[in-house]
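Accompanying notes for the structure given below.
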Amino acid sequence: MKKHEIKDVIKDSIAWELGIAPGDFLLSVNGDEIEDIFDYQFLCQDAYLTIGVEDKNGQVKTFEIEKEEDEDTGLVFSEGLMDEYHSCCNKCIFCFIDQMPKGMRDTLYFKDDDLRLSFLQGNYVTLTNMSDHDVERIIKYRLEPINISFQTTNPELRCKMLTNRFAGDALKKADRFYEASITMNGQIVLCKGVNDGAELERSLSDLYKYVPVLESLSVVPVGLSKYRDGLYPLEPFTKEDAIEVIATIEKWQNKAYEEHGIHFVHASDEWYITAGKKLPEEDSYDGYLQIENGVGMIRSMLTEYEIYSELLEEAYNAKINPIKGLFNKNALQEEYGVKDIKRVKELIDKGGSVMSVSGLIAASYMQEMADDFMKKFPNFNIKVVPIRNEFFGENITVTGLLTGQDIINQIKEIEHPDVLLLPENLLKADTDILLDDITVSDIESALHLKCRIVKSNGMSFIESILGETVYV
């Protein structure tokens, strides 16, 4: 029987009151063996439970529990998934992990292809690592949306691209999800001369039959680092290529919107920038379903910046008639969205000088926001520095793949203020560590300045310039 080690028990929870302790093992729920976190969460929704536990001494105990439906039992497990992560069994011709240099931290070389991470974290899966049992569990537990890396719907080409002879047949699992109305999101990593052109047209035509159960599909260009020795020969896309890709996508968007009221397929921001075309307006992104794939990320930031900068300007210019030094803060908060207008005025009058780093692809848009902010509030000086990716190579232009060493080397060459803004997507989750293991503190020490972390939204950009949280 599979045993799951209990790492912690939440104080005053059901498990705490029953005397279950860290170091014990969960054996079963309602007599059923637990495969992973989804079995556990599904079975624990019931109001009446019987759980089997083995304590540290090997004694097996059975506990009967009566609780509110969906009430947490209070158990925290050593493995977040209650199982090992499932690694990828493919060798994709475009895989970025294969294009990384040696000597980086071990976790950066792990290739996951785990359906559970698709549901929990939004990761994309190829379906090649998914058994019929897995498909049945997804349908049974309604684990949706499921995010799928399609790449192509041509079975033979998919086998070639994933270097897996079962990759073509794996596409049939998407049929089962469609038939069960399991919401899907899709992704196509486009490789020049491989799955673009007529093959992209074929893929969009084939996948269109899943709409609206397939609620979105992103098309992103392959990322090519300088570490490609011995790998499949791939080339970067040109401006002309990008224009053609966008034309194909927009044709299918128009069809989908007319027939289903959604745009279905979306080009990542890189395509528009490479093509020299204006970014689509906000309503083209269907609620930014693919923003983590770089689809609409810049448009979302620009739109939010515009809203919050206008609120800030209105708050700054607001006429306050204090009575004995007091005013109705609640009314002002509701009208302008800021916590304290008096403090906002102080910060803007004080002004400041800051610098922000950005990948090459987004730098002009970041500077556009900075220029607008300086026009509204002339006491500020804001400079956006595009960082060349020397570490991975000039073809990598996204901000999220910048390294600490590139930032340090390029910022130290120019005159800089005392404050540097660093985008949050540079950092490993819940840490201050960049891809090359350089920390935010290392950057501060090397450049003799203070860093502020900026989230990927317009409001955070403004607050980082001001140096305080000002919005409600």
Side-chain angles (χ1 to χ4, degrees), residues 96 100 104 108 223 225-226 268-270 273-274 279 291-292 294 297-302 304-305 308-309 351-374 377 380-468:
F96 195 79
M100 292 201 300
M104 303 181 76
L108 292 174
S225 86
K226 64 183 182 182
S268 65
D269 295 350
E270 286 179 79
I273 296 169
T274 302
L279 293 171
I291 196 166
E292 296 301 325
M297 185 174 288
I298 295 176
R299 171 57 65 199
S300 174
M301 175 173 272
L302 291 173
E304 186 170 302
Y305 166 80
Y308 281 99
S309 65
S353 181
V354 300
M355 181 177 284
S356 178
V357 303
S358 171
L360 298 181
I361 197 165
S364 63
Y365 295 97
M366 298 294 292
Q367 190 63 57
E368 178 183 325
M369 293 189 296
D371 291 342
D372 179 80
F373 195 89
M374 290 186 288
F377 311 111
F380 285 91
N381 180 37
I382 310 161
K383 180 177 177 59
V384 177
V385 180
I387 302 295
R388 302 180 309 279
N389 202 318
E390 305 286 355
F391 187 88
F392 285 114
E394 62 181 12
N395 288 323
I396 303 301
T397 59
V398 296
T399 303
L401 290 175
L402 294 177
T403 58
Q405 57 192 271
D406 280 344
I407 292 171
I408 291 171
N409 291 338
Q410 293 172 48
I411 294 295
K412 73 181 181 183
E413 295 175 352
I414 57 179
E415 183 179 350
H416 52 265
D418 295 332
V419 177
L420 182 67
L421 308 186
L422 295 177
E424 185 181 48
N425 61 354
L426 292 175
L427 307 178
K428 180 182 177 183
D430 302 320
T431 74
D432 70 341
I433 303 172
L434 284 79
L435 273 171
D436 54 353
D437 289 337
I438 286 178
T439 66
V440 173
S441 297
D442 294 333
I443 295 174
E444 290 179 327
S445 297
L447 298 175
H448 307 291
L449 48 61
K450 178 66 178 176
C451 290
R452 296 175 189 160
I453 305 304
V454 188
K455 296 181 180 178
S456 299
N457 59 67
M459 183 177 75
S460 181
F461 181 67
I462 294 169
E463 290 183 329
S464 297
I465 293 170
L466 296 174
E468 288 186 21

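In this text the structure is predicted, and so the values were computed from the model without any measurement.
Within a 6.0 Å radius of CD in Glu444, other residues, nucleotides and ligands contribute more than 12 heavy atoms. With a 6.0 Å radius and a threshold of 12 heavy atoms from other residues, nucleotides or ligands, Glu394 has its CD atom at or below the threshold. Residue Lys383 qualifies as open at atom NZ: its count of foreign heavy atoms under 6.0 Å is 12 or below. The number of heavy atoms from other shown groups lying within 6.0 Å of CG (Asp418) does not exceed 12.
In this structure, Glu270 CD and Thr397 OG1 are separated by 5.0 Å, a value rounded to the nearest 0.5 Å. Rounding to the nearest 0.5 Å gives a distance of 11.0 Å between OG1 of Thr399 and CG of Leu422. In this structure, the separation between CD on Gln405 and CG on Asp442 is 11.5 Å, given to the nearest 0.5 Å. Atom CG of Leu421 is separated from atom OG of Ser460 by 9.0 Å, given to the nearest 0.5 angstrom. We find the CD1-CZ distance between Ile465 and Phe373 to be 5.0 Å, quoted to the nearest 0.5 Å. Between the CG atom of Asp436 and the CG atom of Leu426 there is a distance of 10.0 Å, given to the nearest 0.5 Å.
The shortest heavy-atom contact between Gly359 and Leu402 is N-CD1, 3.8 Å. The two atoms that bring Val384 and Ala370 nearest to each other are CG2-CB, 4.2 Å, heavy atoms only. Residues Ser225 and Phe96 approach most closely at CB-CE1, 4.0 Å, considering heavy atoms. Residue Leu447 comes nearest to Ile411 through the heavy atom pair CD1-CG2, 3.6 Å, listed as atom of the first residue, atom of the second, then distance. Across every non-hydrogen atom of Phe380 and Met374, the tightest pair is O-CG, 3.3 Å. Minimum heavy-atom separation, Val440 to Cys451: CG1-CB, 3.7 Å.
When side chains are defined from C-beta on, Asn381 does not count as touching Pro417, because their heavy atoms never get closer than 4.5 Å. Taking 4.5 Å as the limit, some side-chain heavy atom of Met100 sits within range of a side-chain heavy atom of Phe392. Looking at heavy atoms from C-beta onward, Val357 lies in side-chain contact with Pro423 at the 4.5 angstrom threshold. Using a 4.5 Å heavy-atom threshold, the side chains of Ser441 and Asp432 count as touching. Contact annotation: the side chain of Phe377 never approaches that of Leu466 to less than 4.5 Å [non-hydrogen atoms, C-beta and beyond]. When side chains are defined from C-beta on, Leu434 counts as touching Ile443, because their heavy atoms get closer than 4.5 Å. Under the 4.5 Å side-chain criterion, counting only non-hydrogen atoms from C-beta, Glu368 is not in contact with Tyr305.
Side-chain contact check for Asn409 and Glu413: no donor-acceptor pair (N or O, by modelled atom type) lies under 3.5 Å. Looking at Tyr365 and Asp269, their side chains never bring a donor and an acceptor atom within 3.5 Å of each other.
Between the Asp406 side chain and the Glu390 main chain, a donor and an acceptor come within less than 3.5 Å of each other. A donor-acceptor pair is defined here as one N or O able to donate and one able to accept, closer than 3.5 Å; no such pair exists between the side chain of His416 and the backbone of Leu449. Judged purely by atom type and a 3.5 angstrom limit, Glu304 uses its side chain to pair as donor or acceptor with the backbone of Met459.
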### Criterion side chain to side chain contact (heavy atoms under 4.5 Å, CB included) on Ser300 and Ile291, from CA distance to verdict
CA-CA 9 Å; Ser300 174; Ile291 196 166; 3.8 Å; yes
